[in-house]
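One structure below.
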Amino acid sequence: MSEQNSTDAPAHRYTAALAASIEERWQDRWEADGTFHSPNPSGPLAAPSPGWHNDGGTPMFVMDMFPYPSGAGLHVGHPLGYIGTDVYARYHRMLGYNVLHPMGFDSFGLPAEQYAVQTGTHPRKTTDENIDRYKAQLRRLGFGHDSRRLLATTDVSYYRWTQWIFLQIYNSWYDVETGRARPIEELEAQFASGARRAATPWDQMSRTEQRKLIDSHRLAYLSEAPVNWCPGLGTVLANEEVTADGRSERGNFPVFKRRLRQWMMRITAYADRLADDLDQVDWPESIKVMQRNWIGRSTGAYIDFAIADGAPKKRHSAPNATIRVFTTRPDTVFGATYLVVAPEHPLLDAIVPDEWPADVPPAWKTADDPSTAVAAYQAQAAAKSDIERSADARKKTGVFTGSYAVNPVNGAKVPVFVADYVLTGYGTGAIMAVPGQDERDWEFAEVFDLPIVRTVQPSEGFDGKAFTGDGPAINSGFLDGLGVAEAKKRIIDWLVENDHGEATTTYKLRDWLFSRQRYWGEPFPVLYDEDGLPVAVPESMLPIVLPEIDDYSPRTFDPDDADTDPEPPLARADEWVNVTLDLGDGPKQYRRETNTMPQWAGSCWYELRYLDPTDEGEFVDPANEQYWMGPTAAKPAGGVDLYIGGVEHAVLHLLYARFWHKVLFDRGHLRSSEPFGRLYNQGYIQAYAYTDARGAYVPADEVVEQDGVYTWHGQPVNREYGKMGKSLKNVVTPDEMCAEYGADTFRVYEMSMGPLDVSRPWETRAVVGSMRFLQRLWRTAVDEETGDLRVTDDEADDATKRLLHRTIDGVRGDLEGLRTNTAVSKLIELTNQVTSTYSAKAATPREVVEPLVLMVAPFAPHLAEELWAKLGHEETLTYHQFPVADPALLTAAEIEYPVQVNGKVRGRITVPADADQAAVGAAALAEPKVAAFLGGKEPRKLIVVPGRIVTVVV
RNA sequence: GCCGGGAUGGAGGAAUGGCAGACUCGGACGCCUCAAAAGCGUCUGCCCGAAAGGGCGUGCGGGUUCGAAUCCCGCUCCCGGCACCA
């Protein structure tokens, strides 16, 4: 040992270097032994595994929202949830559960494709490199993932099943009668047999007409949908990719709303079940609320308003002369003083007369004739982007159509307006306006000086305009005096009896636009025949593999030329696109679908593939799905036992995945009816970022703070709080933390920062606290100078033993509830107690060290394995039983009670734990300071809370 | 505007009707060291006080209770979601 080294830390202190060697060794051993392999009941992964409970262990499936493998790699925020699930999974292995804990990659996506467009590098290459990097980063953190189940959505062996599931959806229709999806052949059989009727009898339709009819019922269907089309980029864009002034976020090109033929998924068919089945899953209430709001179910009624005769020159016959409105307040129909239809309403053309009718207020005549006025307004509305519409929100605009309708309850002639505050996509795209009970209608009525009739008596003291509360009906004929709920029932009965409407339910949820003009996505297993009609690729021809191409960019156009059509990159792969295939009726020419699926597709079902990742015959073996995800008493809809991820996926991913799961359930492929039985949202780790005087970001790790002032190289900087990001120069990576402290320290730190579901700032300098904890723990069992075990078989002292058992009890409860931060603090307390009691002695009692090591194992698995081995155990502790508390040791022999006098603690007494309340009370009154307050008098009240406190009231 | 969540020391947080501030960072002082780092120990909510001790204190104002960070009523501010959905 050299002179300089002699003053260094002791040779066997738990340092980052020692941690690194321990961690690498155990990671190698776990991998070699297949420690975290979870056997399936059936199939290729059914081989037995070490420590597995083949005879009655309860299955438990724990997983994370899998990452997109970005080029930037992981920062310290990403693993928070992964560590949480790993702690939970390791803990449950030690409780005897059969735990499945996999990981994977959501690897289709735009960044790799954009990089490919810029550099010509195949997205596959970029993606694979990024995945390798992520794997290395994840391995360094010591996760107990079953490595055999690692999957990537870009693997052909994975996406062939994504395509297969698409075919299941495509080949299904939703039977409203039975409330579930059924094979499309059964629908065709119903039409063919006459059990179900179409407008034209089945046998009088051409084969093409028949196919179009069937196609219109599929759960995956082609539709002309308005989308954001950006000719300059050659692609359609998501709403999030369009700026407030209607241009592309990337490139700043104009974006046009265009109706294009796109694939849609009929998620709306499942609206009720997606809303109702939330009652069967254990999710945060806030997420359930967000999903319910997104689905947006509201109950009300359709009411039909006939167009009044007379004014229009064009004559109409039923049903075109009727405007059907949707309302949640049919009880207010007596106050409907006008109608409003959306600018896109299909009936608009038919009801607009050639001339203004007589007696129209001059202010309503915004043009020479009604059709000019309406056309101008329609053009103006069409030019507005969604964002502009909402920016103008509440400023009511519209024009009179020149047409009148008849209120069915009182025969009143009411004007029909067109206005953009009525949305075309919701309800019927038409409303009855009741300004007395609706704030928006009131505002519009003020603009056009329309009559306002109250139909609900406002509550006393009400001084607003529209009254939306409950109250007795007024001015409402036979409804007068009824409350809102009762009035609704009565008016709906009346509407039905008189054939003017019916009760109904509407939803905000829209069908899901499912195609993208991208290269790096799953190809659709769809062909077009010579009639241009879609034909499913037979299952036997899957997978449809992405073709190799030279140029990954879509064709671009003159940015201002809206009348162009997207040409996806795949459209240029001529040999791939144009094929001759025999689908059973002889070789024919087909053209392949050249759109690809959105990135959501792969994440819609990955939890299922984890169960059987190597199965080549099925997407998942039913026996495996039943075992890991089948319904149980505690989990009525089945699904993953714990799914942890960020709240940003509250709606889209979680709703789409539930939808696919339910289709597969309906089609008999699954026993679970929900994919995720329990969901938990971890918080975000955020960070401070610093800007200099010019507003440029400076490296956060070079900023120093003194007395609340932040400076960078001497110049003052401004502090912001938010995300971690490369451009913000505040990224801290787990790699850095592992190098500086070790993976175990990093894991402990992330678990101790606070509750898992709360967002909080990252603070590198605080990580050392977790390092110190592990160092102390190491030192209780290992001599820092010699590296020898310093453990004795002597009995531990009573106080330490009792604390140990209280800790066991507390840590079990905390881990069950995912309260990792309080679990860690309890382990630190116990370690501190052991340190202060035994560090000066020759050795620490084994009966304390062993359970402490086992309890630390879920958090710091490498260190725990190392100590466990040093303690003489040859087997991994992964499947060793978690310590069990001895109830006899959970309470102290004596209890110290604080004694309050009038709410303030004035003294303390120590009594035997088994003392009865009277004895505790007597001891409290005898305490000198308490007695002084009493001054010899009897207390007015004496309250003994067993085990807690004594309160005296004088 | 509507819906949801939140506010506790210098910082992260603990306590869900019973001793507010566990545990951790930071800070002060000390030990060890030639020295520094690491490590270890003591103290660390605020105010008065040399100390003993006392007073105040969980965003603000009320209330219930022997007792409230915790329950109830009324506000303020912050974060997230939705946003003309009839």
Side-chain angles (χ1 to χ4, degrees), chain A residues 7-10 13 15 284-290 292-294 296-298 300 325-329 332 336 340 389-390 392-396 419-423 425-434 437-441 443-444 468 506-509 647-648 650-651 684 705 707-708 748-749 752-755 757-773 775-776 779 784 819 821-829 831-832 835-836 839 896-906 908 939-954:
Chain A
T7 55
D8 272 350
R13 171 159 295 170
T15 59
E285 195 52 38
S286 59
I287 302 288
K288 292 188 181 182
V289 167
M290 282 165 76
R292 287 196 193 100
N293 288 346
W294 188 264
R297 175 164 56 191
S298 53
V325 305
F326 172 71
T327 178
T328 55
R329 292 293 304 276
T332 64
V340 185
R389 267 201 185 192
S390 62
D392 297 343
R394 303 193 177 279
K395 249 191 289 165
K396 296 286 176 290
D420 66 2
Y421 84 93
V422 173
L423 307 175
Y426 183 78
T428 60
I431 62 158
M432 63 174 201
V434 187
Q437 266 70 232
D438 185 286
E439 283 164 21
R440 296 151 303 188
D441 295 344
E443 285 170 26
F444 192 86
T468 56
T506 64
Y507 306 86
K508 285 192 224 171
L509 185 68
V647 71
E648 73 271 22
V651 178
Y684 297 111
E705 183 258 321
D707 303 326
V748 169
Y749 177 63
S752 68
M753 288 168 79
D757 58 351
V758 171
S759 295
R760 71 213 89 171
W762 176 260
E763 197 175 9
T764 296
R765 68 176 183 182
V767 180
V768 70
S770 300
M771 181 92 192
R772 289 181 188 142
F773 159 50
Q775 271 179 357
R776 280 198 299 277
R779 208 159 40 226
E784 286 191 326
R819 293 183 299 271
N821 55 324
T822 50
V824 170
S825 81
K826 288 181 175 81
L827 292 168
I828 292 173
E829 278 181 275
T831 303
N832 290 350
T835 305
S836 62
S839 65
E896 188 192 67
Y897 282 93
V899 184
Q900 283 186 344
V901 180
N902 292 343
K904 283 198 183 302
V905 177
R906 298 295 181 178
R908 285 168 193 286
R940 288 205 307 176
K941 231 173 199 179
L942 175 64
I943 300 156
V944 177
V945 185
R948 291 284 195 179
I949 201 167
V950 182
T951 289
V952 182
V953 184
V954 273

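Computed from heavy atoms alone, side chains included, the values below leave out hydrogens, waters and symmetry copies. Note on naming: letters A, B, ... go to the chains in the order of the sequence lines (proteins, then strands), and numbering restarts at 1 for each one.
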Distance under 6.0 Å and angle within 45° of ring axis: K396(A) vs Y421(A)
yes
Identity of whatever pairs with [N] - Watson-Crick or G-U, under 3.5 angstrom:
| N | value |
| --- | --- |
| C77(B) | G6(B) |
| U70(B) | none |
| A14(B) | none |
| G39(B) | C31(B) |
| A20(B) | none |
| C46(B) | G55(B) |
| G1(B) | C82(B) |

Report the distance from atom [atom1] of [X] to atom [atom2] of [N], rounded to the nearest whole Å.
| X | N | atom1 | atom2 | answer |
| --- | --- | --- | --- | --- |
| I949(A) | C19(B) | CD1 | P | 5 Å |
| D757(A) | G4(B) | CG | C1' | 14 Å |
| I287(A) | C82(B) | CD1 | P | 11 Å |
| E439(A) | A83(B) | CD | P | 18 Å |
| R13(A) | A37(B) | CZ | C1' | 11 Å |
| M771(A) | C23(B) | CE | P | 21 Å |
| K288(A) | G5(B) | NZ | C1' | 17 Å |
| N832(A) | C23(B) | CG | C1' | 9 Å |

Which way is the base of G9(B) turned, syn or anti, if we draw the line at 90° from 0?
syn
Sticking with atom [atom1], work out how far [N] lies from [M], rounded to a whole angstrom.
| N | M | atom1 | answer |
| --- | --- | --- | --- |
| U65(B) | A11(B) | P | 36 Å |
| A36(B) | A28(B) | P | 14 Å |
| C19(B) | A35(B) | P | 46 Å |
| A69(B) | C32(B) | C1' | 43 Å |
| G26(B) | G13(B) | C1' | 14 Å |
| U8(B) | U70(B) | P | 14 Å |
| A52(B) | C43(B) | P | 13 Å |
| A7(B) | C60(B) | C1' | 11 Å |

Check every strand shown and say whether T506(A) touches a base, only sugar-phosphate, or nothing at a heavy-atom separation below 4.0 Å.
nothing
Of the options [options], whose atoms approach the side-chain atoms of [X] most closely?
| X | options | result |
| --- | --- | --- |
| R906(A) | A86(B), C25(B), G54(B) | G54(B) |
| I828(A) | U24(B), C19(B), A22(B) | U24(B) |
| E829(A) | A22(B), G39(B), A86(B) | A22(B) |
| T328(A) | A86(B), G4(B), C25(B) | A86(B) |
| S286(A) | G4(B), C23(B), C84(B) | G4(B) |

Distances for protein N/O vs nucleotides 9-17 of chain B N/O pairs under 3.5 angstrom?
from: G12(B); atom 1: O2'; to: M753(A); atom 2: O; distance (Å): 2.8
from: A14(B); atom 1: OP1; to: N821(A); atom 2: ND2; distance (Å): 3.0

Side-chain N,O (Y897(A)) to OP1/OP2 (C19(B)) below 4.0 Å:
no
Residue list, salt bridge (charged side-chain N to carboxylate O under 4.0 Å, His left out) with R940(A), at least two apart or on another chain:
none
Side chains of [X] and [Y], heavy atoms from C-beta outward: is any pair under 4.5 Å?
| X | Y | result |
| --- | --- | --- |
| D441(A) | I431(A) | yes |
| V647(A) | Y684(A) | yes |
| K395(A) | E443(A) | no |
| L942(A) | V950(A) | yes |
| N821(A) | R819(A) | yes |
| Y749(A) | T764(A) | no |

With hydrogens left out and only the distance checked, is there a donor-acceptor pair under 3.5 Å joining K826(A)'s side chain and the base of C23(B)?
no
Restricting to ring-ring contact (aromatic ring centres under 6.0 Å, His included), what partner residues turn up for F326(A), sequence neighbours left out?
none
Could you pull out all residues at least two apart from Y426(A) that satisfy ring-ring contact (aromatic ring centres under 6.0 Å, His included)?
none
Result for 5'-nearest mapping on RNA chain B, choosing between V905(A) and N293(A), is N293(A)
For RNA chain B, whose closest nucleotide is more 5', that of G296(A) or that of E784(A)?
E784(A)
What do you reckon, is CZ of R292(A) surrounded by more than 12 foreign heavy atoms closer than 6.0 Å?
yes
N/O contacts under 3.5 Å, protein versus nucleotides 65-69 of chain B?
from: C66(B); atom 1: OP1; to: K941(A); atom 2: NZ; distance (Å): 3.0

Are the side chain of R776(A) and the backbone N or O of T835(A) linked by a donor-acceptor pair below 3.5 Å?
no
Check: S298(A) main-chain N/O paired with Y507(A) side-chain donor or acceptor under 3.5 Å:
no
What protein N or O atoms touch nucleotides 40-44 of chain B N or O atoms at under 3.5 angstrom, if any, and at what distances?
from: C40(B); atom 1: OP1; to: R779(A); atom 2: NH2; distance (Å): 3.1

Value for CD1 (I949(A)) from CZ (R908(A)), rounded to nearest 0.5 Å, stands at 9.0 Å
When rounded to the nearest 0.5 angstrom, what is the spacing between CE in M753(A) and CD in E763(A)?
8.5 Å
